[in-house]
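These numbers come from a predicted model, not from an experiment. Letters go in sequence order (proteins before strands), and every chain restarts at 1. Side chains included, hydrogens not; waters and symmetry mates left out as well; all remaining heavy atoms used.
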2 protein chains.
Amino acid sequence: MDDIDRRIVQLLRSQARMSYAELARRVGLTSPSVQERVAKLERNEVITGYRAEINPEAIGLGITALVGIVTTAGAEYSDVADAIQEISEVESCYFMAGQESYLLKVRVGTMAQLEHLVTRLSRLPGVGGTRTTIALSTKWEGRPQPTDPDVPDPV
Amino acid sequence: MDDIDRRIVQLLRSQARMSYAELARRVGLTSPSVQERVAKLERNEVITGYRAEINPEAIGLGITALVGIVTTAGAEYSDVADAIQEISEVESCYFMAGQESYLLKVRVGTMAQLEHLVTRLSRLPGVGGTRTTIALSTKWEGRPQPTDPDVPDPV
DNA sequence: CCTGAAAGCCTTCGAAG
DNA sequence: CTTCGAAGGCTTTCAGG
């Protein structure tokens, strides 16, 4: 993970479809070298995937909400996570410090679907309660932040 | 936005670097046709970008936290959002219904950096208070959910 | 939406730094 | 261990239909 790797990561973070040839030009290497580096970054799970960013409204998922989950006394945390994972509307899931053990970001198309989703979540084994807040608008999401220049090597 | 568009979107959502030729094979069109469709999806802002997904720990951002922002009585909401946008650690920003007007997802490398970040946020004009919760782990994030098959055309 | 041809790119080598 | 250069095979691109 040297400076060139960091530049490659940075470039792919904002333009994941950039060709190896173009990446090579920008970092001053040849295309095979860049390809080798990217393959290594993928192997080391520095790069974990490539995603097209979609306008949620365009695919019928105009409502974004956050749902905090309070687990019941005897619940096994990982079982709760496994159950939540089955629910496709849950785009992100964080295990949190605090009263609410999980925080979920969910997306649905209508309020009726949100109601149904929250009902389903509240009925999962191990779930003691939910707290739902609705996003009136998304100002921005998943913005790539500048990579820290001096970081101890991972892996 | 027909079925083929939806399949293209779906494919690019999980494998954004897939070539047009490969996409074409999978949806049963030729490569120029697929390219034309993708260009149109980009123009219509159905596809808003392509991102490499990075393991945050690998780039020195191992700590994820959520920060709720309570705005002061006279504050102009959009000014608060503009001020928050200047802060690079804020990866996502939602304008929320509820007591906390904004919810931010932030990433930093150390607790000291988190402390500093929260301090900076709390001092922004229009910010009356903050509530920070730390993610102990990220179970998953940005998981693409199945696109709704029957959605009225956007745009 | 397709075909066809030219340009460019990706991939895989072997070889060199 | 990483990079380079060159070759073939694909992919992209841009006409024109």
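When the C1' atom of D:dC1 is taken as reference, atom CG of A:D5 falls 13 Å away, rounded to whole Å. If you take OH of B:Y20 and P of C:dT3, they are 20 Å apart, rounded to a whole angstrom. Going from atom CZ of A:R17 over to atom P of C:dG8 covers 20 Å, rounded to whole Å. Rounded to whole angstrom, the span from the CD atom of B:E22 across to the P atom of D:dC10 amounts to 13 Å. Between the P atom of D:dT12 and the CE atom of A:M18 lies a distance of 16 Å, rounded to the nearest Å. Rounded to a whole Å, the CD atom of A:E36 is 11 Å from the P atom of D:dC1.
Sorted by first then second residue, the salt bridge (charged side-chain N to carboxylate O under 4.0 Å, His left out) pairs that include residues 38-49 of chain A, not counting sequence neighbours, are A:E36-A:R43. The stretch residues 18-29 of chain B participates, sequence neighbours left out, in these side chain to side chain donor-acceptor pair (under 3.5 Å) pairs: B:E22-B:R25, B:E22-B:R26.
The environment of A:Q85 atom CD is dense: over 12 non-hydrogen atoms of other residues, nucleotides or ligands sit within 6.0 angstrom.
Among the heavy atoms of the strands lying under 4.0 Å from B:R37 are primed sugar atoms or P, OP1, OP2 only; no base atom is included. Nucleic acid contact for A:Q35: base, since at least one base atom lies under 4.0 Å from a heavy atom of the residue.
In this structure, B:R143 has no salt bridge (charged side-chain N to carboxylate O under 4.0 Å, His left out) partners at least two apart in sequence or on a different chain. The salt bridge (charged side-chain N to carboxylate O under 4.0 Å, His left out) test applied to B:R37 returns B:D2, B:D5, not counting sequence neighbours. By the side chain to side chain contact (heavy atoms under 4.5 Å, CB included) test, A:S78 is found to be paired with A:E76, residues two or more places apart in sequence or in another chain being considered. Listed by chain and residue number, nothing satisfies the salt bridge (charged side-chain N to carboxylate O under 4.0 Å, His left out) test with B:R123 (two or more places apart in sequence, or in another chain). Scored by the ring-ring contact (aromatic ring centres under 6.0 Å, His included) test, B:Y50 finds no partners at all (sequence neighbours excluded).
In this model, the phosphate group of C:dC9 is approached by a side-chain N or O of A:R25 to a distance below 4.0 Å at OP1 or OP2. Remark: A:K40 is in phosphate contact with D:dT2, judged by side-chain N or O atoms under 4.0 Å from OP1 or OP2.
Looking at residues 27-34 of chain A, you'll see A:L29, A:T30, A:P32, A:S33 sit with a heavy atom under 4.0 Å from some atom of DNA chain D.
Bending across the helix from C:dC1-D:dG17 to C:dG17-D:dC1, expressed as the angle between its end axes from five pairs apiece, amounts to 50° (10° rounding).
A cation-pi contact links A:K139 to B:F95, judged by a cut-off of 6.0 Å to the six-membered ring centre and 45° from its axis.
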